[in-house]
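Written out below as structure tokens is the structure these notes cover.
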Amino acid sequence: MNALNCMLLYVNAVKLPLFGHFHQRPVRYWQGTEGKAKDDSKTEGQPEQQKRQQNRIKKKRKRDEQPDGGKKVISRRPVRYWQGTEGKTKDDNKTEGQPEQQKRQQNRIKKKRKRDEQPDGGKKVISGKSDPFPGPPPIPKGKLEKFKRKGKIQKPLQHHYKLKDIITRSEEASEMAQKQAARFDLLLPEDAGFLEGDEDEDTCMISQEDIADAVDITSGAKHFNLKLCQFGPYRLDYSRTGRHLLLGGRRGHVACVDWQSKQLMCELNVMESVNDVKWLHTEHMFAVAQKKWLHIYDSNGIELHCIRKFNDVLRMQFLPYHFLLATASATGFLQYLDVSIGKEVAAICTKTGRLDVMCQNPHNAVIHLGHPNGTVTLWSPNQKEALVKMLCHQGGVRSVTVDKTGTYMITSGMDKKMKVFDIRAFKPLRSYFLPTGASCLSLSQRGLLSAATGDIVQVYRDVWSTPVTKPYMAHRVRGSVWGLGFCPFEDVLGVGHGEGFTSMLVPGAGEPNFDGLDANPYRSAKQRQEWEVKALLEKIQPELITLDPSELGYVDRANFEQRHQDRVEALGFDPLGKEKFVPKHKKKGRSSAAGIERRKRQVAHEDQRDVIRKTVEDRMKLEEERNRMKEKKAALSGKRSALDRFKK
Amino acid sequence: MKVKVLSRNPDDYVRETKHDIQRVPRNYDPSLHPFEVSREYTRALNATKLERVFAKPFLASLDGHRDGVNCLAKHPRSLSTLLSGSCDGEVKVWNLTKHECVRTLQAHEGFVRGMVVRHCGTSFFTIGDDKTIKHWKMEAPGYGEEEEPLNTILGKAVFTGLDHHQKNAVFATCGHQVDIWDEQRSTPIRSFTWGVDSFSSVRFNPVETELLGSCASDRSIVLYDMRESTPLKKVIMTMRTNTISWNPMEAYYFTCANEDYNLYTYDMRHLENPVKVHIDHVSAVLDVDYSPTGREFVSASFDKTIRIFPKDSANSREVYHTKRMQHVICVKWSADNKYVLSGSDEMNIRLWKANAAEKLGVLSPREKQAIHYSQKLKEKFQHHPQIKRIARHRHLPKVIYHQKNELKVMKEARRRKERNVRKHSKPGSVPVVSEKEKHVVSVVK
């Protein structure tokens with residue numbers, strides 16, 4: 001492309017000197033070739049135009065003052081890559097004006113002042129040339145939309161001028177921040193992975209070995225099998241940075257691995273059945289749900305805690321910003337453990353039996369539980385009842401997962417269906433039939449869905465936006481799948497099954513650009529320590545878990561009564577309540593019981609007297625009005641008009 | 001088959017040598033940063049708590065006077081210089097950076113009533129109970145020389161207040177009357193009286209430099225134009241005003257410290273109602289001084305506290321007190337807007353920070369950025385009940401706390417009585433009088 005452009009430039013250079021001075025406009029690599037060709041063909045009409053141009057220059061002053069004069073100048077500017085091709089051709093047509101430009105160059109110094117006044121003149125450099133691309137480059141709309149936080153606020157009335165000013169300023173600031181973030185987005189270093197088949201080649205038919213051969217060595221090494229047939233089937237969990245893998249075998253084998261360097265951090269057998277394993281906030285601690293109790297180990301395999309308040313735990317979820325470990329037990333209890341202070345925050349009896357289907361909504365930290373009767377319930381630690389109960393399937397629910405934006409929930413059930421729900425509106429979006437049903441579901445950061453059907457792991461793309469007919473990828477493992485999880489920030493899907501663990505390559509699964517201050521896979525020990533302190537400092541209190549996580553930012557529109565009620569509850573008494581009238585004790589026998597009663601009666605219902613008086617007055621007024629109307633009517637009916645004689 | 005799998009080169013994300021700083025790649029995608037409102041709220045809450053933890057406003061106490069400190073004067077050219085005059089007629093010049101007294105002179109017999117440094121900063125004037133005005137050099141006398149004033153003017157009556165013109169060699173005193181003096185002459189060039197026998201303070205307007213304000217013992221505040229022979233106008237209030245201070249930025253506003261525990265900000269052009277009534281003190285307010293930015297002022301009170309008020313707020317944002325500080329007689333806001341100085345009855349001058357939680361000294365850029373960020377967060381969430389409660393809380397001495405409650409009860413009782421009177425009188429005969437209108441008796445022109 002570059003070579004082609006150079007050649008075209010050369011052609012231009014040869015042809016143009018025919019017409020005297022060669023003035024070359026700045027040509028950038030993105031400018032198309034068609035425009036150039038047109039440009040060349042136009043050169044025939046030049047001498048005639050030259051005359052016209054001389055006249056034009058004379059008229060220039062007038063034109064500059066005309067409103068359309070400015071427009072023409074704008075179209076003469078070079079085009080940037082985001083502008084359409086039509087604009088480009090138009091632009092190149094204007095090269096007919098080259099002799100004019102040449103003259104203008106001579107007159108440049110004279111016109112200097114005038115050009116300065118033109119809005120599109122651009123900033124001048126010392127050399128005298130004007131910037132061909134003045135102003136900041138425009139930002140694509142989609143990018144801006146990505147960083148949009150909220151809509152515009154309705155401006156208050158004129159007389160709230162201070163408020164109006166504050167709102168305007170804050171809106172300006174947030175707009176600027178949005179723009180800067182969108183600009184910064186262009187500079188992100190990595191692009192997401194992808195997999196495209198050749199013509200009539202299904203991507204789901206491509207085997208893992210082929211992919212591993214096709215990619216570079218380090219990526220190819222990310223596809224591997226661990227053959228662990230002794231203690232399986234395995235559950236697994238990746239740490240938040242995606243560096244560490246935790247495996248828990250049903251028969252008591254627990255191992256944590258730095259899976260990229262394939263270094264074993266620790267390995268132990270807890271000599272009990274293991275139901276689930278979960279990393280806590282760092283890769284130095286993990287929780288294991290064992291047969292009876294919940295245990296916490298460190299990365300050296302040393303048991304730190306055995307938590308006897310948490311028994312028969314089947315599934316666990318860790319809420320990283322709240323430092324909460326949510327557990328679902330066989331006894332039907334949903335419990336929350338604050339791992340920063342080691343306290344049980346809430347224990348909720350769900351009264352729905354054995355809980356072995358669980359996931360969290362990463363957007364609002366609400367826990368989703370699936371039940372054998374086909375319902376999915378949503379829980380927060382602040383409420384003893386479920387926030388929402390949804391009937392999702394006709395059989396039991398086998399697996400639930402929620403995407404990272406908290407928009408879509410995907411469930412699979414015993415009725416062999418896989419359904420997609422919009423959990424902001426609680427509406428079903430799509431329903432898919434899988435012949436064997438999906439036992440495990442997992443969503444990646446970029447929205448790929450993996451579903452385990454028997455011993456086959458299938459990966460789907462775009463399940464919510466378009467109806468999907470076939471999977472994006474598929475892979476058969478040995479033994480039935482027990483645990484499934486995408487590795488954050490990597491194109492890797494981990495599968496725990498009866499024969500061990502398989503690490504699959506799924507191009508396009510992981511988020512390519514991580515945030516170094518949030519979850520940094522390459523962080524050093526020092527950085528991790530720093531992060532840990534900061535994260536603990538800004539631990540979100542469990543009381544703030546709600547369905548809408550931005551609720552805290554809204555204006556509290558509680559009316560006076562509601563606020564008063566809250567105040568009464570907080571204080572334990574009513575600060576605005578009327579004090580009970582206590583008659584003063586009078587001496588010399590004047591405080592007889594009857595006297596006190598009389599005095600009490602004097603002020604009885606004092607607060608209501610005004611109301612009563614007013615209602616009575618109103619009633620009187622209404623009555624009067626009615627009477628007057630009646631009289632009026634009567635008076636009218638009493639009078640005979642001239643037309644009354646036609647009445648029968 | 002076309003395939004691309006994420007594969008990062010660790011060299012792009014890890015620092016090369018130990019001596020580099022760590023690389024921190026950022027991605028501002030909102031979906032990677034969930035719970036942003038709750039996290040910001042938590043940060044704001046922490047910042048508010050930390051602000052209260054670091055709120056240590058008291059910096060130093062300058063002791064050395066042998067009687068109560070009666071007046072303070074700022075040096076117009078040097079931030080580190082402070083002058084103070086005490087009730088035994090002694091004047092001390094202080095170096096604030098070293099916290100030490102650099103010069104002591106016995107200026108008067110009896111109280112030093114007022115003191116002002118000339119705008120050039122080379123000399124200063126004092127007035128005292130001995131009916132004299134003395135003009136002193138700022139420099140200390142050389143070895144063996146005697147401490148002598150440049151000039152002494154013997155007046156007819158006791159002077160109580162003093163202020164110097166912003167530019168010219170003219171100063172004003174008050175006592176039985178308000179006198180305008182030329183520095184070169186021993187008699188006043190002009191005298192103002194308005195049927196009052198005693199004035200307590202006089203101040204030049206910092207912008208319209210020919211204007212003066214003074215407060216008199218007949219509960220009035222009188223405004224003068226130096227170029228005219230008669231006063232401009234006066235406002236009479238229900239109780240006496242002790243001092244006034246002009247807002248240096250919007251110089252048509254002035255604030256006066258009143259005996260009725262309140263401060264009043266007036267617009268010079270409309271004296272009928274004060275612009276704002278500042279209530280929080282529980283005893284007479286003795287002195288007031290504006291910050292150089294004109295956005296806040298500090299007041300000293302007989303209740304042994306000093307308070308800082310935003311200029312347009314009815315309540316104070318800060319209250320400073322110590323166990324040992326007695327009745328605060330004079331207060332000054334330093335010219336760099338960072339410190340507050342107070343002189344009190346128990347012979348000490350105290351140096352306070354104007355912003356209680358501010359970190360002093362040179363700040364690194366990251367520190368500055370962090371401060372700005374937390375400031376913004378605090379501002380954003382300031383109305384949330386928990387944050388508001390923490391930010392507003394100030395510890396008060398027991399006496400003041402009880403007195404405050406007592407005043408509240410009294411005020412409520414008065415309001416209740418008024419309401420009852422209104423309820424049982426002819427409608428319209430007992431009008432509602434706002435707090436602003438209550439304290440002005442009349443305006444005379």
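The structure presented is a predicted model; accordingly, all values stated were derived computationally and were not measured. A note on names: the letters A, B, ... follow the listed sequences, proteins ahead of strands, and every chain is numbered from 1.
- Between chain B and the residues Lys146(A), Gln527(A), Lys404(A), Glu551(A), the largest count of heavy-atom pairs under 4.5 Å involves Gln527(A).
- One finds no salt bridge joining Asp566(A) and Arg563(A) here, because no Lys/Arg side-chain nitrogen approaches an Asp/Glu carboxylate oxygen to under 4.0 Å.
- Comment: Lys376(B) engages Glu379(B) in a salt bridge, judged by a side-chain N to carboxylate O separation of less than 4.0 angstrom.
- The pair Glu40(B)-Arg43(B) fails the salt-bridge criterion, with no side-chain N (NZ, NE, NH1 or NH2) lying under 4.0 Å from an Asp/Glu carboxylate O.
- The part of Ile206(A) that comes within reach of chain B is its side chain, from C-beta onward, which places non-hydrogen atoms under 4.5 angstrom from that chain.
- Of the atoms belonging to Leu505(A), it is side-chain heavy atoms, and not backbone ones, that fall under 4.5 Å from chain B.
- Chain B forms the most heavy-atom pairs under 4.5 Å with one residue out of Asp191(A), Thr405(A), Ile211(A), and that residue is Asp191(A).
- Residue contact with chain A, scored on non-hydrogen atoms closer than 4.5 Å, involves the backbone and the side chain of Arg8(B) alike.
- With a threshold of 4.5 angstrom between heavy atoms, Phe194(A) approaches chain B through its backbone and through its side chain.
- Ranked by heavy-atom pairs under 4.5 Å with chain A, the list Leu45(B), Leu32(B), Val14(B) is led by Leu32(B).
- At a cut-off of 3.5 Å, with distance as the only test, a side-chain donor of Asp338(A) or Ser340(A) sits close to an acceptor on the other residue.
- None of Trp246(B), Tyr264(B), Phe309(B) except one satisfies the ring-ring contact (aromatic ring centres under 6.0 Å, His included) rule with Phe297(B); the exception is Phe309(B).
- Between chain B and the residues Glu511(A), Lys526(A), Lys148(A), Glu201(A), the largest count of heavy-atom pairs under 4.5 Å involves Glu511(A).
- Only the side chain of Arg149(A) comes within contact range of chain B, with at least one heavy atom under 4.5 Å from a heavy atom of that chain.
- Of the listed residues (Asn27(B), Asp29(B), Val5(B), Val3(B)), the greatest number of heavy-atom pairs within a distance under 4.5 Å of chain A belongs to Asn27(B).
- Salt-bridge check for Glu418(B) with Arg422(B): passed, with a basic side-chain N closer than 4.0 Å to an acidic carboxylate O.
- For His383(B), no part lies near chain A; criterion is any non-hydrogen pair under 4.5 Å.
- The heavy-atom pair separating Phe323(A) from Ala535(A) by the smallest distance is CE1-O, 3.5 Å.
- Residues Tyr321(A) and Asp518(A) bring a donor and an acceptor atom of their side chains to less than 3.5 Å of each other.
- The part of Glu190(A) that comes within reach of chain B is its side chain, from C-beta onward, which places non-hydrogen atoms under 4.5 angstrom from that chain.
- For chain B, the nearby part of Leu188(A) is the side chain; its heavy atoms alone come within less than 4.5 Å.
- Of the listed residues (Ala365(A), Ser170(A), Ala181(A)), the one with the most heavy-atom contacts under 4.5 Å to chain B is Ala365(A).
- Both the backbone and the side chain of Ser550(A) come within contact range of chain B, each with at least one heavy atom under 4.5 Å from a heavy atom of that chain.
- When only modelled atom types and interatomic distance are considered, Ser313(B) and Asn315(B) share no side-chain donor-acceptor pair under 3.5 Å.
- Here the shortest heavy-atom pairing between Phe486(A) and Leu443(A) reads CD1-C, 3.6 Å.
- Only the side chain of Asp216(A) comes within contact range of chain B, with at least one heavy atom under 4.5 Å from a heavy atom of that chain.
- Nearest heavy atom pair, residue Pro507(A) against residue Leu195(A), reads CG-CB, 3.9 Å.
- Here Ser524(A) is the residue among Gly197(A), Pro189(A), Gly406(A), Ser524(A) with the most heavy-atom pairs under 4.5 Å with chain B.
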